[in-house]
Each structure stands twice: as structure tokens, then as C-alpha cells.
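Below: the structure, in C-alpha cells.
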Amino acid sequence: MSVNESLAHNCYHPATEPHIQLRENLSDEQILLLQKICPAGLFTPDSAGRVNVHFQGCLECGCCRLLAGSDALAGWHYCMTGYIGDRSDREHR
């Protein structure tokens, strides 16, 4: 199998469900903390004062979980994304 044929079997499946759930009614301080500590900039407030979580760009570093904790997060887990290759090509290696 050529390199190009092998690479054609690589698949990346992004998460479709959020793996970070925020608590309701976060304080301004909690929102600011989430914005400051996230290296990927996932937490952005909207005009209504709600916080949007752009979980697809998450680096899985856990900063929000460690620093904001359960006071701000209702749930956090590693998401089910990543490389899922075609298993049939592994027989040929």
C-alpha cells in the first residue's frame, strides 16, 4: 500500500456533543476567569450575558476544570474525538 493510499484511510471525527457543561447563572468573575484561563479561547459571552462554549477547539488541557472547578462547571470529561483509522490496512504492515 502506498503512502497516499494509507493516508486516505485516516479519518478525524470531531465531537458533535459538548464535553464541557457550564452551570447556570455564572457570575461576572467566573466568566472572566474562564475567558482568561482558557488557552484556546473557548468561552465567549454573548449580548444576553450567556457564555458560549466553542468546545470543538478544546485542547483538553483541563485548565477550566482545575481552576474554575465545580463552582462554574456542571460537567467536564474528555471528548470522544480523534483519529479513527481504517483497521483493515493494519494487516498489511
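Each residue takes its place number in the sequence, starting with 1.
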| task | Among Ile20, Leu32, Leu33, find the residue that satisfies the side-chain contact (heavy atoms from CB on, under 4.5 Å) test when tested with Phe43. | result | Ile20

| task | Determine the sole option in Glu24, Arg23, Glu29 for which the side-chain contact (heavy atoms from CB on, under 4.5 Å) test with Leu26 is passed. | result | Arg23

| So, do Leu73 and Leu22 sit near enough that their side-chain heavy atoms are less than 4.5 Å apart? | yes

| query | Can you check whether Pro39 reaches Leu59 side chain to side chain, under 4.5 Å on heavy atoms? | reply | yes

| task | Find the distance between NE2 (His19) and CH2 (Trp76) and round it off to the nearest 0.5 Å. | result | 6.0 Å

| request: Output the distance between atom CD1 (Ile37) and atom CZ (Arg65), rounded to the nearest 0.5 Å. | output: 11.5 Å

| Minimum heavy-atom distance Pro45-Gln35, with the two atoms named | CD-NE2, 3.1 Å

| field | Results of salt bridge (Lys or Arg N to Asp or Glu O under 4.0 Å) for Arg50 - residues two or more places apart only | value | Asp46

